[in-house]
Amino acid sequence: MKHVYHLDLNEKHVQGIKLVLLPGDPDRVPTIADHFENPIKLAHKREYHTYKCSLDGREFLVTSTGMGGPSTATTVEELAQLGIKYFLRVGTTGAIQEYINVGDVIISTGAVRLDGASYHYAPREYPAVAEYELVDAAIHACKKNEIAFHYGITASSDTFYQGQERYDSYSKYVPRHFQGSFDEWKKLHVLNYEMETATLLVAASSCGLKAGAINGVVSNRNQSEHVSKNDLELGEKNVIKVAIETVRLLLYTTP
Ligand code: URA
């Protein structure tokens with residue numbers, strides 16, 4: 001029987017399942033799964049935590065990617081090997097446009113590839129774009145829940161500090177390559193920074209798989225570099241609400 005090494009899952013765990021929700025944080029896996037029917041823990045190895053659960057009897061997985069591109073690529077790779085076709089990131093993010101508030105949800109239509117892992121799947125000319133079906137379902141889910149949302153381009157960086165032009169790092173130095181990048185992405189109407197979406201979108205679409213990303217806003221970088229506990233909770237709560245409704249729509253519309 002096929003077994004995948006990092007996620008510690010086998011074919012039997014995933015039999016017949018086509019959809020996975022992908023939070024970054026392993027602790028968010030049971031939190032999400034507990035909102036559905038029959039949550040069952042399947043595996044927990046390193047940063048990868050997986051539950052199976054269902055909605056109206058239709059099963060799907062919740063698996064954590066860990067932080068950043070390399071661990072996200074491994075998650076997509078191993079779940080694809082077991083038969084998963086639809087991948088929806090359920091993450092958190094820092095907004096860079098002034099008009100976006102903490103608690104809003106950002107639906108990525110595409111991503112700036114400030115990662116490294118996506119270049120192992122496809123050359124730089126290849127776009128990081130989300131699957132239309134997933135974007136559409138997420139927009140409907142936000143409207144249904146009356147949660148403020150924005151859709152557009154996300155910047156996905158391998159680093160939380162330098163690549164997102166934060167000066168509160170240990171060295172307080174941002175290499176020249178990234179100096180001014182915050183303002184540039186802002187002027188180019190990029191909505192937010194996070195660390196996984198570009199890798200997810202390229203790894204999936206380059207393999208003929210379908211992926212999308214929704215991120216709850218936990219800070220607005222124009223106001224503060226700090227993420228408070230309350231703001232984190234609000235961003236997480238809202239993105240999970242949207243994820244629940246998105247799953248409902250996808251499970252009824254996808255083959
Ligand atoms: N995650 C990130 O990568 N950046 C933020 O600003 C917030 C969450």
Side-chain angles (χ1 to χ4, degrees), residues 21-29 31-32 47 64-73 75 88-108 110-118 128 130 147-170 172 174-175 177-186 188-203 211-240 242-243:
L21 296 184
L22 299 170
D25 180 354
D27 287 346
R28 219 178 293 141
V29 171
T31 309
I32 294 174
E47 64 267 58
S64 51
T65 60
M67 262 175 99
S71 63
T72 300
T75 314
L88 180 67
R89 167 166 160 74
V90 181
T92 55
T93 189
I96 66 177
Q97 298 296 337
E98 316 269 356
Y99 58 83
I100 300 177
N101 297 311
V102 168
D104 293 0
V105 167
I106 294 178
I107 301 162
S108 306
V112 183
R113 296 169 65 186
L114 301 178
D115 67 330
S118 73
I147 289 173
F149 68 96
H150 313 267
Y151 56 85
I153 300 169
T154 290
S156 302
S157 161
D158 265 352
T159 48
F160 184 82
Y161 291 94
Q162 286 76 10
Q164 301 184 22
E165 206 188 353
R166 281 191 162 85
Y167 290 91
D168 56 346
S169 65
Y170 174 69
K172 312 266 183 288
V174 171
H177 173 58
F178 288 117
Q179 287 176 25
S181 58
F182 179 97
D183 279 340
E184 179 156 37
W185 299 130
K186 195 173 158 184
L188 295 174
H189 300 277
V190 170
L191 302 180
N192 61 313
Y193 275 123
E194 50 80 91
M195 299 175 68
E196 292 81 16
T197 296
T199 309
L200 166 66
L201 300 183
V202 173
I214 54 176
N215 285 289
V217 176
V218 297
S219 69
N220 186 308
R221 292 281 309 282
N222 298 286
Q223 289 149 21
S224 168
E225 296 293 34
H226 178 64
V227 179
S228 74
K229 192 166 173 288
N230 284 349
D231 289 351
L232 177 64
E233 280 172 10
L234 180 62
E236 284 185 340
K237 189 178 86 180
N238 284 351
V239 79
I240 289 172
V242 174

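Indexing begins at 1, ligand by ligand and atom by atom, following the structure's order.
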Verify the neighbour count for atom OH of Y151: are there more than 12 heavy atoms of other residues, nucleotides or ligands below 6.0 Å? no
Looking at E194, which atoms of ligand 1 are within less than 4.0 Å of one of its heavy atoms? 2 (C), 3 (O)
Any non-hydrogen atom of R166 lying under 4.0 Å from ligand 1? yes
Hits for ring-ring contact (aromatic ring centres under 6.0 Å, His included) against Y170, two or more places apart or cross-chain, chain-then-number order -> none
Looking at F160, is R166 sitting on its ring face, NZ or CZ under 6.0 Å from the six-membered ring centre and within 45 degrees of the normal? yes
Can you tell me if K172 has over 12 outside heavy atoms packed within less than 6.0 Å of its NZ? yes
Nearest 0.5 Å please: distance from the CD atom of E165 over to the CZ atom of F182. 8.0 Å
For ligand 1, note which part of V227 has a heavy atom under 4.0 Å away: side chain, backbone, both or neither. neither
What protein heavy atom sits nearest atom 7 (C) of ligand 1, and how far off is it? G94 N, 3.2 Å
For atom 3 (O) of ligand 1, closest protein heavy-atom neighbour: Q164 NE2, 2.9 Å
Short list, please: which atoms of ligand 1 are under 4.0 Å from a heavy atom of M195? 3 (O)
